[in-house]
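Here the structure is laid out as structure tokens; the discussion comes afterwards.
One-based numbering along the sequence shown.
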Amino acid sequence: MSDIISFILDGKTVSATTNDSIWDVAKREGTKIPHLCHTDRVGFEADGNCRACMVEIEGERVLAASCIRTPTEGMVVNTATDRPTKARKMVMELLIADQPDRAATYDTDSHFWQMADQQQIKDSRFDARDMPGDDLSHPAMAVNLDACINCNLCVRACRDVQVNDVIGMAGRGVGSKIVFDFDDPMGESSCVGCGECVQACPTGALLEKTVVGDTRIDREVHSVCPFCGVGCQLTFKIRDDKILYAEGRDGPANEERLCIKGRFGFDYIHNPERLTTPLIRKEGIAKDDVATLDPANPLTHFREASWEEALELAANGLIQVRETKGGNALAGFGSAKGSNEEAYLFQKLVRTGFGTNNVDHCTRLCHASSVAALLETVGSGAVSAPFNEAENAEVIMVIGSNPTINHPVAATFFKNAVKKGAKLIIIDPRGQSLSRHATYMLQEKPGTDVALLNSMMHVIVKEGLTDKDYIKNHTENFAELKAHLDGFSPEAMEKVTGIDPDLIRDVAREFATAKSSIIFWGMGISQHVHGTDNSRCLISLSLMTGQVGRPGTGLHPLRGQNNVQGASDVALIPMFLPDYQSVEDPVIRERFEKFWNADIDPNKGLTVVEITEAVHKGTINGMYIMGENPAMSDPNVSHAREALSLLDHLVVQDLFLTETAAYADVVLPASAWPEKDGTVTNTNRQVQMGRAAVPMPGDARQDLWIIQEMAKRLGLDWNYGHVKEVFTEMTQVMGSIKGISWDRLENADAVIYPCESPEDPGQPLIFTENFPTKNGLGKFVPASLISPDETPDQDFPTVLTTGRLLEHWHTGSMTRRSEVLDAVEPEPIVHMAPGMMENLEILPGDLVTVSSRRGQLDIKVRADGGVQNGMIFIPFCYAEAAANLLTNDALDPFGKIAEVKFCAVKVEKKKMPELAGDL
């Protein structure tokens, strides 16, 4: 704990801690000392190199930089006397000499010019030095080094905050300048486009391209990022009702940080392909005619309609199915990209309007197996600690996840923790950029996670490294697990995993003996037929070592989409009512029936892939899909697309004519996230407020309004006047958020659950005393070795795994329509080991044909040293080379999740057609 001291600041006695700088104290006291190389943003260490914040300390011969000088007891500091005032003005004047004229500079209202105005300095007496020119090579950012003052803020932003180490200083003296990598153009460097440097730059030397030539901002709106599950708070910068870019806010999950999507990826909402009018399929155009759609004019199969006509047709088609074939012949897919309120009303509509529990969303293809294992073992599907707890961990394990790609801002906190001394363990069949920060990198054979984790637990048990007191007081069934692990020595598992036994032992000891160890996992764990077993092993590993319920410990499946946690919490899933209350429990069901004034089917519904199968069997005949794109995201996607074409009636509510919407009978133009108010819940369990920033285009409508209009036509008497009324209803049926109100969120922006009362600040750490199981104990569940459903053979000798790219989100329906993001990664690629490329006699950029038992695609090759020989990786965001044409729809029996992370494929060099005749 820091000591409190007192000193004299400008004649006034003030208090400070020994960690405060003079600049910090002056700011707190209302004195604004000029500054250029300093910022009080989290993660930036003071540098003291610009000398623009100099102050005078009595008794000392030289002036001191206030940003790096800490006060001592009795010190006398003067900020406004003649010496420091003249020194600061001289620094400013020297820097102005090297700047473009203010009228022609890149940002006339930059922090630099604000500091000049504060000191009433307009120009300079000094000659300018020659400055480097512009670099416009990056799609999102302009580099204007003639405005650079070498303050080093961009270097610290890249090195210390994001820990990407792309920007550095080169040259000497008057020739010094910032460089990217080895003085490469920014667009050709290893820059990941996070824009942290732009937000830190005080002069406009680094600037968003969307404001080059005109930095005017009409207004700002605080909201939350709509991409991944990190839930970064941001501020939209708006001019002429267009989002120009976003800036990070000091939210609990991001501390002002953003990634390339969250900063530069919002132009998709202004894309000319946005749907602005309801569409109805033209008579005589069959759904299986999708293949004949003209990519240049994809609306040719539809005609425009009024909202009244479209809603009537949409609802009546569903009613007809319900009345002729029953409610269970209907199904609904909701969205994890909308608000909690939309997800809540959507599942309520399906259950009370359709009369079925056939409702699901992307969690079924995400962390369904993780949630199944967590509910089984610890009684809750929620993460036990926020990812920010990495800063309190001695050991951080990341398994089956690539955070720098999928959760880039969360990854910065992992890298920060490593820089402060934490040990990082990476376990993944693919190498990744986070590996260079790792103490241990275990690149096991694909699909062998159970063998590897069981062998780690074997070592911990055999060497007596378990937490015996924790096991005794907080768990059950350990004896069965202990006996099960006996045959899983690292030596016995080496042939399965390909990992050296000594490395397994080192990692096991490191995890078990640390004061605090935390586990993060992703879809590399969950998207397998043994995904629930994978998660069971991770839970057992934490329980046996007592690494749960304390700072720096815990179990955290990193959620994929921005609201997949919230959508699951509010029951956009077929087997639970809100707050994971079983729909098959008659007491729970009766309580909801009284509250909703409607009957609820007593049987759990079908999941995503099960619904597809039911369509093929003829038992599902009508669907309402809001914001999901199963024609791209489902495994064995040809099978899923055929199912969509077989439906008697399909209603799709979305922003664009997606691959799924192309099969619809009625398409309803919806609202994008920056066009609506609502709450979302991130991977940390933080409920956060999103706010409408710009108007919707044309006659597009709010999703909440569309759902209610559909509900009215289905016979439901709903009259929600404002989204906050829906949130209030949610708090009445969900104990986890009963202490959170709309007004509280408006003021606080974020509250973590569980939150039991208005006075409860929320509980970041859960399972601190016991588990929400019937007996309060966590349960060990042994996991045996199960092979992937489809293993390589002579015909299909290669393993395919799929996933995301940093620049693109999910099926690409949004990010492929972002000019900036698509410019960075414009075309589909398959990642392949250089040795495999050599064997196939192909070069980077060559076309190959990848085929499985379900389909094939042609795609260009990218060399990737992180991919093992005998394995390839394809991102699933490209419609023109949809990876899910190849993937397997075999299901985990517990989580009902498909094995999209593993299937057998064949890779061949593309045979080009021979040209006829002479050239």
Identify the heavy atoms of Leu821 and Gly265 that sit nearest to each other, and give their distance.
CD1-CA, 3.7 Å
Would Tyr753 and Gln565 count as having a side-chain donor-acceptor pair, cut-off 3.5 Å?
yes
Check Glu825 with Arg862, please: is the shortest side-chain N to carboxylate O separation under 4.0 Å?
yes
Classify the side-chain pair Arg559/His367 by whether it contains a donor and acceptor separated by less than 3.5 Å.
no
Verify whether one side chain among Gln547 and Arg550 offers a donor that lies under 3.5 Å from an acceptor in the other.
yes
Verify whether one side chain among Trp113 and Thr108 offers a donor that lies under 3.5 Å from an acceptor in the other.
no
Decide whether Arg257 and Gln199 meet the rule of one side-chain donor and one side-chain acceptor closer than 3.5 Å.
no
Test applied, side chain to side chain contact (heavy atoms under 4.5 Å, CB included); reference residue, Leu153; option that passes from Ile167, Asp47, Leu36, Thr39
Thr39
Any Glu188 side-chain heavy atom under 4.5 Å of Met186 side chain
no
State which residue, out of Asp749, Thr681, Asn682, Leu745, fulfils the side chain to side chain contact (heavy atoms under 4.5 Å, CB included) condition with Gln688.
Asn682
For Leu206 and Cys201, work out which heavy atoms get closest and say how close.
N-SG, 3.5 Å
Would you say the side chains of Asn19 and Thr17 form a donor-acceptor pair under 3.5 Å?
no
Give a yes-or-no answer on whether the side chains of Lys337 and Asn562 include a donor-acceptor pair shorter than 3.5 Å.
yes
Ion pair present between Glu819 and Lys209, side-chain N to carboxylate O less than 4.0 angstrom?
no
Electrostatic pair Glu247-Lys237, nearest N-O below 4.0 angstrom
yes
Exceeds 12 heavy-atom contacts within 6.0 angstrom, atom CD of Glu45:
no
Is it the case that the side chains of Thr679 and Ser339 hold a donor-acceptor pair, with the cut-off being a distance below 3.5 Å and no angle test?
no
Please check if atom NZ in Lys27 has more than 12 non-hydrogen atoms from other residues, nucleotides or ligands closer than 6.0 Å.
no
So do His556 and Ser384 actually touch side chain to side chain, heavy atoms under 4.5 Å?
no
Answer yes or no: is there a side-chain heavy-atom contact under 4.5 Å between Gln233 and His222?
no
Between Thr404 and Asn402, do the side chains contain a donor N or O and an acceptor N or O under 3.5 Å apart?
yes
Can the positive tip of Arg816 be found less than 6.0 Å from the middle of the six-membered ring of Tyr268, inside 45° of the ring normal?
no
Is any side-chain heavy atom of Glu196 less than 4.5 Å from a side-chain heavy atom of Arg263?
yes
Please check if any side-chain donor atom of Asn392 sits under 3.5 Å from a side-chain acceptor atom of Glu389, or the reverse.
yes
Are any non-hydrogen side-chain atoms of Lys423 and Glu510 less than 4.5 angstrom apart?
yes
Is any side-chain heavy atom of Thr215 closer than 4.5 Å to a side-chain heavy atom of Tyr106?
no
Is the gap between the ring centers of Phe236 and Phe266 under 6.0 Å?
yes
Salt bridge check, Lys177 against Asp183: does any charged N sit closer than 4.0 Å to a carboxylate O?
yes
Any heavy-atom pair between the side chains of Met169 and Val179 that's under 4.5 Å?
no
Any side-chain donor paired with an acceptor under 3.5 Å for Ser818 and Asp267?
yes
Salt bridge flag under 4.0 Å for residues Arg216 and Asp214
yes
